[in-house]
Student: 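Below is one structure. I have some questions about it.
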Amino acid sequence: MTIHGSTFPRSPGFGPELHLEPVAGEGRGEGVMRGLREAIADGRLPPGTRLPSSRALAADLGVARNTVVRAYGELTAEGWLVARRGSGTTVASRGVPAGAGVGARRAGSLSPSPPSPGPHRPHRPFRHDLRQGSPAAGSFPRGAWSASTRRALMSAPDDAFGPGDPRGHPFLRRELAVHLARARGVLVDPERLVVCAGVSHALRLIGALREGAVGVEEYGPVFQYRVLEKAGLRPVPLPVDADGARVEVLTGAPGGPPVGREVRTVLLTPAHQFPLGGALAAERRAAVIEWARTRDALVLEDDYDGEFRYDRRPVGALQGLDPQRVVHLGSVSKSLSPALRLGWMVLPDHLVPRVLALKGEREARTSVPDQLTLADFLASGARDRHVRRMRDRYRRRRDRLREVLAERVPGVGVSGVAAGLHAVLTLPAGTDEAAVVAAAARHGVAVEGLASYRWDAPVAGAPGPRSAPAVPPRKGLVVGYGTPSESAFPGALEALCGVLRSEVPAR
């Protein structure tokens, strides 16, 4: 693929990831076909986009492979797709077929152009690190990343080594736009995509443009809430249950005190609530979008680990429901490494110039060579292949964690594991959460208590009182199963079980 003089090869490999919403209420085959037609018509799958193999897409959607084979065949016959032996199936390089409808016209300004780290932690020695927030460092794809670096640097035009564009390099923005549209269902024009140094950097920039109160999930990434607080916003916690944030607190519907009158910004983790693990229910997704439209408010969507899901169908980006009311935030912290400091924000039109003015004319936070490397890494298919490999590895670790705990410490529940890189261990009544965390540290095991992710928990240096939800605090541990190496993971599980057996009351 050639972009402004730079050639990024596309590799067949495992095939790319694809976010697809089969149309509900229809047979599986017809639902898949309708979902693909709509994705092509509204610009999320532009001409030339290579689709996953029938086997890979069938596995992702939970349908029979023959269902996808028939759908691909029918859409090829209709002229939506092109199938070539040895090259896979791609979106046809032609105009949208007649009768595609309003979606294609709406996509005109939104479709791509044609062909975080966790809170600060003290550096102390632990034999076993089961804290969440990092992928397996030893699994970083060094060979593929090095190959992308060589190709990117050798093919980059001379001006790539001049002062950086505050939006991010055009090569990367175009590749990210294609990837986000295909894999996460984001409606994005590269001109509305701004590269940054991670989600916290994005929140600092956006927070400086907002005022008043910001709704945050009662349990969540507290270090990000502090970023918003330092930007001058006042975090207001929203209760969380198995269906994500209870947005009726914003809308004023029965079930909670209305705070929508004072909140004009809300930060959510809708695809996989952090750290409890639920996905924001469909009716709540619709409700928060309606609230944003009614209140002229802004929704910040942190898509922190949308790549890793195991027992459920993919959950599309909230941004796809209203690109002018939702800011989509993402990074490579979970899929590759937090050390790269590469993230992005997909902004509504009116926020782009204001964010760029704050960011400054010279990009000082994200290395242009790293941006070029990531662009090649995406375009060559190396990113999708790496994520698929790691998804299988993390699924095996997740399964082993559940099996070992069920066998060795049956009184401890495991939840929030349909996706992501961590689990929440529910401690039985009478257990002292802080004592379990301290005992683990004494035995060289680093874990975190669920209380440390609750916004009304005391935080040193935090200004002013905070509004505490009426729901009593939950007791549990947040255990990251992505961080240990393959060889260290069994020992870490054994050590964790030893601590739990000694500290959790017998049933």
Side-chain angles (χ1 to χ4, degrees), residues 19 21 24 116 132 184-186 199 203 213-222 224-225 228 235-260 263 265-293 295 297-322 325-330 334 413-424 426 450 453-456 467 469-474 476 478:
H19 171 72
E21 295 283 356
S116 80
Q132 72 76 34
R184 300 297 299 128
V186 177
V199 172
L203 291 177
V214 55
V216 299
E217 293 165 336
E218 170 193 9
Y219 287 89
V222 173
Q224 291 184 357
Y225 302 171
L228 294 172
V236 173
L238 311 178
V240 175
D241 60 22
D243 291 324
R246 289 175 50 198
V247 296
E248 68 268 17
V249 175
L250 292 172
T251 62
V259 297
V263 173
T265 310
V266 63
L267 172 63
L268 301 175
T269 51
H272 184 224
Q273 200 284 324
F274 180 83
L276 298 179
L280 191 64
E283 62 273 15
R284 295 186 183 182
R285 292 162 70 93
V288 76
I289 293 297
E290 182 59 29
W291 165 81
R293 291 169 178 167
R295 296 291 301 156
L298 192 67
V299 180
L300 309 179
E301 174 186 30
D302 181 1
D303 196 42
Y304 74 100
D305 65 359
E307 304 93 346
F308 299 112
R309 78 265 179 207
Y310 313 117
D311 301 330
R312 70 179 187 208
R313 290 172 57 181
V315 178
L318 186 65
Q319 186 264 6
L321 298 180
D322 194 332
R325 297 292 177 190
V326 180
V327 176
H328 184 81
L329 306 172
K334 300 295 188 296
V414 182
S415 62
V417 291
L421 302 180
H422 72 270
V424 174
T426 305
L450 188 55
Y453 291 91
R454 182 178 166 101
W455 176 238
D456 67 321
S467 305
V471 180
R474 313 176 195 201
V478 178

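Basis for what follows: all heavy atoms, side chains included, without hydrogens, waters or symmetry-related copies. Positions are given from 1 along the sequence.
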Student: Considering residues at least two apart in sequence or located in another chain, which fulfil the ring pair (Phe, Tyr, Trp, His ring centres under 6.0 Å) criterion with Y225?
Tutor: W455
Student: Mind checking side-chain contact (heavy atoms from CB on, under 4.5 Å) for A213 and listing every partner two or more places apart, or none if nothing turns up?
Tutor: R234, V236, E262, V263
Student: Side-chain contact test, heavy atoms from C-beta onward, threshold under 4.5 Å: evaluate it for Q132 versus P275 and give yes or no.
Tutor: no
Student: Take L276 and L450 through the side-chain contact (heavy atoms from CB on, under 4.5 Å) test and state the conclusion after the steps.
Tutor: CA-CA 9 Å; L276 298 179; L450 188 55; 4.0 Å; yes
Student: Side-chain contact, heavy-atom cut-off 4.5 Å: Y453 with V478?
Tutor: yes
Student: Quick check: closest heavy atoms across A271 and A279, and the distance to 0.1 Å?
Tutor: O-CB, 3.7 Å
Student: Is the shortest side-chain heavy-atom distance between E217 and L267 below 4.5 Å?
Tutor: no
Student: Please name the residue in the list T265, V299, L300, D302 that meets the side-chain contact (heavy atoms from CB on, under 4.5 Å) test with V327.
Tutor: L300
Student: Do H272 and F308 have their ring centres less than 6.0 Å from each other?
Tutor: no
Student: Assess whether side-chain contact (heavy atoms from CB on, under 4.5 Å) is satisfied between L329 and L203, documenting all intermediate values.
Tutor: CA-CA 9 Å; L329 306 172; L203 291 177; 3.8 Å; yes
Student: Going by the salt bridge (charged side-chain N to carboxylate O under 4.0 Å, His left out) test, which pairs reach into residues 276-291, not counting sequence neighbours?
Tutor: D241-R284
Student: Check step by step if side-chain contact (heavy atoms from CB on, under 4.5 Å) holds for V186 and D303.
Tutor: CA-CA 11 Å; V186 177; D303 196 42; over 6 Å; no
Student: Mind checking side-chain contact (heavy atoms from CB on, under 4.5 Å) for D322 and listing every partner two or more places apart, or none if nothing turns up?
Tutor: I289, R293, Q324, R325
Student: Applying side-chain contact (heavy atoms from CB on, under 4.5 Å) to L238 and L250, what does each step give before you reach the verdict?
Tutor: CA-CA 8 Å; L238 311 178; L250 292 172; 4.2 Å; yes
Student: Please walk me through it: do Q224 and Y304 pass side-chain hydrogen bond (donor to acceptor under 3.5 Å, both in side chains)?
Tutor: CA-CA 12 Å; Q224 291 184 357; Y304 74 100; over 6 Å; no
Student: Any donor-acceptor pair under 3.5 Å linking the side chain of E248 with the backbone of A287?
Tutor: no
Student: Tell me, please, which residues at least two apart from H328 pass side-chain hydrogen bond (donor to acceptor under 3.5 Å, both in side chains).
Tutor: E301
